Number of protein chains: 2
Amino acid sequence: MFCGIVVPTGRHRQNDAAEGEFSVTIRLPWVDAMTVAVSSDSLISPRAPGASLKSEFVAFKVNRIVEAASHLFYERGYSSCTLDNVASELSVTKPFLYSYFRNKEAILAAICEVGISEALAVLEDVLAHDHGSHRARLAEVVRKVGRIVIDRQEYVVVYQREMKHLSADDYKRILRLRHSFDHQIGEMIREGVASGEFREDIDPFIAVWIGGLISWIPTWYSASGQRSAEEVIEYLVQAALRLAGAE
Amino acid sequence: MFCGIVVPTGRHRQNDAAEGEFSVTIRLPWVDAMTVAVSSDSLISPRAPGASLKSEFVAFKVNRIVEAASHLFYERGYSSCTLDNVASELSVTKPFLYSYFRNKEAILAAICEVGISEALAVLEDVLAHDHGSHRARLAEVVRKVGRIVIDRQEYVVVYQREMKHLSADDYKRILRLRHSFDHQIGEMIREGVASGEFREDIDPFIAVWIGGLISWIPTWYSASGQRSAEEVIEYLVQAALRLAGAE
DNA sequence: TGTAAAAACTACTAGCAGGTAGATATGTTT
DNA sequence: AAACATATCTACCTGCTAGTAGTTTTTACA
């Protein structure tokens, strides 16, 4: 709609009530990172119900910024990539970015949050449902998280490499998400061992090794390479089960 | 000796012949990255035989620079870390660095080369000796490379994260080393499968998964953490053998 | 079509960081 | 001790980049 960022929609309509409600969350014009991951639609998460068209516009633009920045941060590194680079990638100008993000670091925080919050959501979804066995549950978590790190490849790599540039507050917030994820994975494996489905003689920190398998994928996987994402994920699941001694 | 970089030696002696010979390799004062990894002593590789005392001084200072830069690049990232930071870490000045390295990127190249060239040396050493079985040979390679990535933790992480900032030439040179390493590991595993010692139904790219296990260690291992390096390495070997189906 | 509000832009600043020229200090040899 | 060579430093330049103030353009709606 504006300057290369075309909002995909039909008619514009003002919804004052909804806008008022939502401004608590969106905090225009300083959209903070937390909100980004939750409120954006197509790329990052489902449309927030009850959001006004206007806030959807904002979420859409925020998303496009995060997407473009993620790609450039991935290629050139966070510190070497200028906001002018990001802006020109989107055919907008730097002050445009500043009307959606407090500063450069806030864009990074939004990127870092994508991968980990999606992984956490998937994990909690799997844990909430019954899968018959601990083995099946582990396989399902690994399969889904594997899918995320492949789909969000650039986000994940940027997160891994550039997290040190986050402000203290953002760093703590994102680390909390990460710890919650790690903790739940660890628990899941402990339960599998206790149930007798996984071998008892495995490394008590086996979750770390499985995490390595998964975390390393985004650095070597190439969408244009020989192996399809599906193939990689199947072998990943096989490798994870073998590490857990649950073949 | 000068300004915080104390060369640990007794007397100074001039050895014109040796100096002349060596200047081919050392190329004073523009020591390039290749030479660094080969010519430096205590930290990176054994003393080059026949080197003059003078060239040892140079190698020592180059080493100290690489060490300090590696640490700061690890903590702050390559692009965010200034050469003034590196210089003040060593209590020297920026032009001092420039008399040992062509530019900032050359320091990065030296860092990147440490881990991969050591790993390659270890791999070729293991392959040159008989280990009785393919299983034992794989275990030995994994054990030794695991030790390197732990000992050279910061170097390896900087390499993984910052390689994109290398000049095209340095990039190509270091990537060649890396490819040679990957290729030989792949061959080793193929031989193990062919011999019947490893399972046949494993992922043909299993070396990539084992590589992930190893490459991920430097990002989570902490020398001050609960687990000793030896313990981590033993579990690493166990995990690698299990992935190869060679328990 | 006119008008007010929102969105985006142009043009700028201040500070920083890579890199260098020339001065100074240190060591060596006779 | 003088003279030369080497090593290191001081002081600077230049280009770049995060962030901003104020102006212009676009949109929504009467």
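Basis for what follows: all heavy atoms, side chains included, without hydrogens, waters or symmetry-related copies. Bear in mind that the values here come from a model prediction, so they are computed numbers and not experimental data. Quick note on labels: first sequence line is chain A, next is B, and so on, each numbered from 1.
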Quick one: salt bridge (Lys or Arg N to Asp or Glu O under 4.0 Å) pairs with a partner in residues 68-91 of chain A, sequence neighbours left out?
A/Asp84-A/Lys94
Output all residues satisfying side-chain hydrogen bond (donor to acceptor under 3.5 Å, both in side chains) with B/Arg161, sequence neighbours left out; order by chain, then residue number.
none
Rounded distance (Å) that lies between atom P of D/dG19 and atom CG of A/Asn103
5 Å
Among all residues two or more places apart in sequence or in another chain, which pass the side-chain hydrogen bond (donor to acceptor under 3.5 Å, both in side chains) test with A/Ser215?
none
Whole Å only: how far is the CZ atom of B/Arg102 from the C1' atom of C/dT20?
16 Å
Expressed as a whole number of angstroms, how long is the span from B/Glu105:CD to C/dA17:C1'?
17 Å
For A/Ser88, which residues count as a side chain to side chain contact (heavy atoms under 4.5 Å, CB included) partner, sequence neighbours excluded?
none
Could you tell me the separation between the OH atom of B/Tyr98 and the P atom of C/dA21, rounded to a whole number of Å?
12 Å
If you check every side-chain atom of B/Lys61, which of C/dG19, D/dA7, C/dA7 has the closest atom?
D/dA7
Nearest-Å distance for atom pair CG/C1', residues A/Leu90 and C/dA8:
14 Å
Within residues 76-85 of chain A, residues whose heavy atoms come under 4.0 Å of DNA chain D
A/Cys81, A/Thr82, A/Leu83
Does the side chain of A/Val62 reach to within under 4.5 Å of the side chain of A/Phe101, using non-hydrogen atoms?
yes
Sorted by chain and number, sequence neighbours left out, side-chain hydrogen bond (donor to acceptor under 3.5 Å, both in side chains) with B/Glu154 holds for B/His71
Check the distance between D/dA18's C1' and A/Phe101's CZ and give it to me in whole angstrom.
16 Å
Check nucleotides 23-25 of chain C against the protein and report each pair of N or O atoms closer than 3.5 Å, with its distance, or say if there are none.
none

For A/Phe205, what residues pass the side chain to side chain contact (heavy atoms under 4.5 Å, CB included) criterion, not counting sequence neighbours?
A/Asp203, A/Val208, B/Gln226, B/Arg227
Rounding to an integer number of Å, can you tell me how far B/Phe96 CZ sits from C/dT26 C1'?
14 Å
Contact between B/Thr219 and A/Gln160 at the side-chain level, heavy atoms closer than 4.5 Å - yes or no?
no
Taking only the side-chain heavy atoms of A/Pro95 (C-beta and beyond), determine which of C/dA8, D/dT8, C/dC9 contains the nearest atom.
C/dC9
Nearest whole angstrom, please: distance from the P of D/dT17 to the NE2 of A/His165.
15 Å
Has B/Asp125 got a side-chain atom pairing as donor or acceptor with B/Val122's backbone, closer than 3.5 angstrom?
no
Listed by chain and number, what are the side chain to side chain contact (heavy atoms under 4.5 Å, CB included) partners of B/Tyr221, not counting sequence neighbours?
B/Ile150, B/Gln153, B/Ile217, B/Ala223, B/Ala229, B/Val232
Under the side chain to side chain contact (heavy atoms under 4.5 Å, CB included) test, residues paired with A/Arg178 that sit two or more places apart
A/Ile116, A/Tyr159, A/Asp182
State which residues pass ring-ring contact (aromatic ring centres under 6.0 Å, His included) with B/Phe73; sequence neighbours excluded, sorted by chain then number.
B/Tyr78
Ranking C/dA7, C/dG19, D/dC9 by distance to the side chain of A/Tyr100, first place goes to C/dA7
Out of C/dT20, D/dG19, D/dC9, minimum distance to the side chain of A/Lys94 belongs to D/dG19
Represent DNA chain D in dot-bracket notation, 5' to 3'. Only Watson-Crick or G-U wobble pairs with both distances under 3.5 Å count; pseudoknot-style crossings use [ ] and interstrand partners use |.
||||||||||||||||||||||||||||||
